[in-house]
Amino acid sequence: MTGLNPTNEQRSSGAAASALAIELVGINKHFGPVHANKDIHLAVKRGTVHGIVGENGAGKSTLMSILYGFYTADSGTILVDGVAHEITDSRHALALGIGMVHQHFMLVDNFTVLENVVLGAEDSALLTPTLNRARGHLKDLARDYGLDIDPDAIVGNLSVGQQQRVEILKALYRGAETLILDEPTGVLTPAEADHLFRILGKLRAEGKTIILITHKLREIMAITDEVSVMRQGEMVETLPTADTSPEHLAELMVGRRVLLRVEKGAAKPGKVLLEVENLVVTDDFGTPRVKGVNFQVRAGEIVGIAGVAGNGQSELLESIAGMRDQKSGTIRVNGNPLSLEGDDGAARARKAGLAHVPEDRLRMGLITNFAAWENAILGYQGKYGDGPALDIAKARATAQDYMKKFDVRPAALDLKTANFSGGNQQKLVLAREMERDPDVLVVGQPTRGVDIGAIEFIHNQIIKMRDAGKAILLVSVELDEIRSLSDRILVIFDGQIVGEADPATADETELGLRMTGSHTDNVVTEPGTLPEHETPVQQTLVEMSPKDNSGRDTN
Amino acid sequence: MTPLPRWADVVLLPLLNVTLAFLVGGLIVLSVGQNPLQAVGIMLYGAFGYGSGFGYTLYYTTDFIFAGLAVSLAYHAGLFNIGPEGQAYVGGLGVILIGLALNGMHWALVFPLMIICGALFGAAWAFIPGYLQAKRGSHVVITTIMFNFIAVSMMGFIISRILKPEGVNSDESAPLEAITRVPQLRGFIELFRNSPVNLTFFLAIAALFFVYWLIWRTKFGYSVRALGNNPVAANYAGISNQKMIMIIMALAGAFAAMVAVNNVGGVQGRLILNFVNGAGFVGIAVAFMGKGHPIGVGLSALLFGMLYQGGQELAFQMPGITREMIVTIQALVILFTGAMGDMMRGPLSRMFFQPDATAGDK
């Protein structure tokens, strides 16, 4: 926490009022004791893409919700095309030409694209005339903006990227001139994201105004004309994208300098602490997902498992952590084989000296309904109290300690875990698993949906664990993360380890080919074992490369 | 939506809901040409106004606390136990067997054994659905409902074919001797004369404290709540979901069986056909109105005890108000506090935070 109170850049809008599509003046919004938006000023020029960046909880989504009429500001003025409006609800916002594409789509899955587009905007009681008119309109939109999509397709059958296009069509169909996109790429593959950006470029060329909320700096640099940075409810600065750099933006967002690269020394591998032998694991439906995997992780090294999501990494992790029975094979921690029958294998794995940071903290690693102190002992509850009673004082002391060491904010022991931001939730999980001094640490997606500042911290903690002589197994779909943290990279494809690489020398293209099973020199893949979701090599490469921290739980 | 302060959530909201239920109930009373204020007066007087009535209220409350806890306990583990009715019924078998075996001995010896034996029978009965849920995935809602029916048939058979002494016409077991029965409070407290409230009432109060301790102050309770909130995370934490499900169901059954201690051991002194008489089902409403928290369960059990006792008084004193109408009022209370319990949350929340927001930080 910097004690600094950043100065509020009061931007004088020298341009004529009509050049601004949207202007927000002195917006304030409280939620109970939380001051979510503090005297926000924002000017969005017509026909531009305006980025709004900030960490989770910086107030971006609140601000946009005020603009879109979900919330009413406590004070402040909203000007649309230079005219002040009191936006009462989203219908009103739409009437003013403001459309919004939400992070979580608001579509009816079993309706067609056409039906979804006209839903709520029907002209009369009879549907057919509306549909016919909409069909023509949709054709024009598709032509103008490259938004082609089959109007008769059932939305539930569309890919996520296509569904998002339907959302954009919905807004445009209702006459949106200004389009707000809230974390639009959080759910998209990089290829889909690129497609989205091409569409946004066309929209801008046609004179539409776009407000893009994100915490991914790569996207800001790629598409926006101007960018506004928010931090802790305040507008820190608005500046032309051309005059800035990711490093500078990261600094503005976090309030201090941020290293975007991981710094670490050479590994000093010791004795083998984790050993996996001929491991075969099936998923909940009995389909084999891990098909005879062998590897070792030594003390003082980080072994990264690289692969396209869905190639058995999750099952591998869960099996090693004792949450999933192995069909055959052996897992040894510290030389002792883990017996993992029954549904409390995770307790035995912990006892053997293994700690597990799960891939999905909300589904697995935390009980969001629990207070922070309760989650700080999840999995170690047996250690608190000698008799049947839970030693709450001791648990709270532990939690206090974790929150301090890992800078979990707010350091409120009794706050419900659901109310922490993603990064702080993740820090709580990491603190719990790392501070136990385990021999082996198994980490899945350590920085998924986590802010830049927290990513740096988390990476450093993982390196620190390694340097303390722990064996670390890292699974991530972020190839960059794997490459910058790992001392050795194992490539997994279709449940098998198909190669090993040195992160210092590994060639990205080469890795990408291996991850799709197209290049196998160590293991011969049997024909017919390609997974059903096999994607074209080219697309997968794009998918794996960018620094995409899929923000599924922003704000 | 902004969450309400805790006291408003726990006290104000339920109070508002009950008041609404009574207002609507009052309209119904009015519509049949009766005076609702007079009706409320009779109800309150009948439930609290004089010793015997109050004793009856506490007697009903005892039943509802146990049944409510049986539902609440399972609910904390994410299980919906609809079976307290059957679990209490089978628990009655345990109570009467030990009672008859030790018939004639002093209650101070028999009472603890009735508790243990009844609890074992109730626990065993509830364990079966727990086992089926844990190991076979049979949904506990379905199995507990079915087990209520099975209990009725099985107990009917046992009572009328096995336990019924020769020469007795009604379907009931042989009686316990007076000294063996759980003593009624009227023996010590003059206020409760002519009312069935007995020592089990204090057991119920103790049970409330025990459940609070168990759920919020023990490792076991931590695991139960972990399972109830997020079974995947519980598995991650090394908690055996299967074991927990079976244990918590058995425990719930044991609590339900205390209804039998109250009735078989304390009031009737014998095992009568269908003695549970719906108390197990009222427990579901009690648990939900009380949000599974022992304080809430205690208070809502008292409310339902009042509705039962006061309602009977009302039917007796105001012939214009029939028994069915009283059931309607009870149903309204369940409707407003349970099914529509969150209806007033929105308006209440706005009332709380509208002035707050303009005034700045609180």
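What you see below is based on every heavy atom in this structure, not just the backbone, and it leaves out hydrogens, waters and symmetry mates. Below, chains carry the letters A, B, ... as their sequence lines are ordered, and counting in each starts from 1.
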For residues 117-146 of chain B, give me every residue with a non-hydrogen atom less than 4.5 Å from any non-hydrogen atom of chain A.
none
Please work out which of the three classes, parallel, tilted or perpendicular, describes the rings of B:Phe210 and B:Phe255, given edges at 30° and 60°.
parallel
Rounded to the nearest 0.5 Å, the CG atom of B:Asn17 sits from the CE atom of B:Met343 at a distance of 7.0 Å
Within the side chain of A:Glu315, is there an N or O that forms a donor-acceptor pair under 3.5 Å with the backbone of A:Val290?
no
If we ignore angles and hydrogens, is there a donor and acceptor under 3.5 Å between the side chains of A:Ser421 and A:Asn424?
yes
Before we go on, tell me: are the rings of A:His102 and A:Phe70 under 6.0 Å apart, centre to centre?
yes
A:Asn37 and A:Glu234: CA distance, side-chain angles, deciding distance, side-chain hydrogen bond (donor to acceptor under 3.5 Å, both in side chains) verdict:
CA-CA 6 Å; A:Asn37 279 166; A:Glu234 301 189 51; over 6 Å; no
Validation row: A:Leu473, A:Leu441 side chains within 4.5 angstrom (heavy atoms)
no
Distance flag, aromatic centroids of B:Phe201 and B:Phe66, threshold under 6.0 Å
no
Measuring from atom CG of A:Leu338 to atom CD1 of A:Ile320, what distance do you get when rounded to the nearest 0.5 angstrom?
9.5 Å
If you round to the nearest 0.5 Å, how far is CZ of B:Arg345 from CG of B:Leu16?
11.5 Å
So does B:Phe220 have more than 12 non-hydrogen atoms from other groups sitting under 6.0 Å from CZ?
yes
Counting only heavy atoms closer than 4.5 Å, note whether A:Glu318 contacts chain B via side chain, backbone, both or neither.
neither
Any residues in residues 410-417 of chain A near chain B, with a heavy-atom distance under 4.5 Å, and which are they?
none
Using non-hydrogen atoms and a 4.5 Å limit, figure out which bit of B:Trp213 sits close to chain A: side chain, backbone, both or neither.
side chain
Mind checking which of residues 377-389 of chain A sit less than 4.5 Å from chain B, heavy atom to heavy atom?
A:Ile377, A:Leu378, A:Gly379, A:Gln381, A:Gly382, A:Tyr384, A:Gly385, A:Asp386, A:Gly387, A:Pro388, A:Ala389
From CD1 (B:Ile284) to CD1 (B:Ile82), nearest 0.5 Å:
4.5 Å
Donor on one side chain, acceptor on other, A:Ser314 and A:Glu359, under 3.5 Å
yes
Centre of B:Phe288's six-membered ring, under 6.0 Å away, within 45 degrees of the axis: is that where NZ or CZ of B:Lys291 sits?
no
Checking A:Gln326 side chain against A:Val281 main chain: does a donor-acceptor pair fall under 3.5 Å?
no
Spatial distance of atom CE (B:Met114) from atom CG (B:Asn262) [nearest 0.5 Å]:
11.5 Å
Can you confirm whether B:Tyr75 is buried at OH, in the sense that more than 12 heavy atoms of other residues, nucleotides or ligands lie under 6.0 Å from that atom?
no
Using a cut-off of under 4.5 Å for heavy-atom pairs, which of A:Asn28, A:Asn375, A:Asp344 has the most such pairs with chain B?
A:Asp344
Enumerate by number any residue of residues 232-243 of chain B whose heavy atoms lie under 4.5 Å from heavy atoms of chain A; in the absence of such residues, state 'none'.
B:Val232, B:Ala233, B:Asn235, B:Tyr236, B:Ala237, B:Gly238, B:Ile239, B:Ser240, B:Asn241, B:Gln242, B:Lys243
Do the side chains of A:Asp360 and A:Arg363 get close enough for a salt bridge, i.e. N-O under 4.0 angstrom?
yes
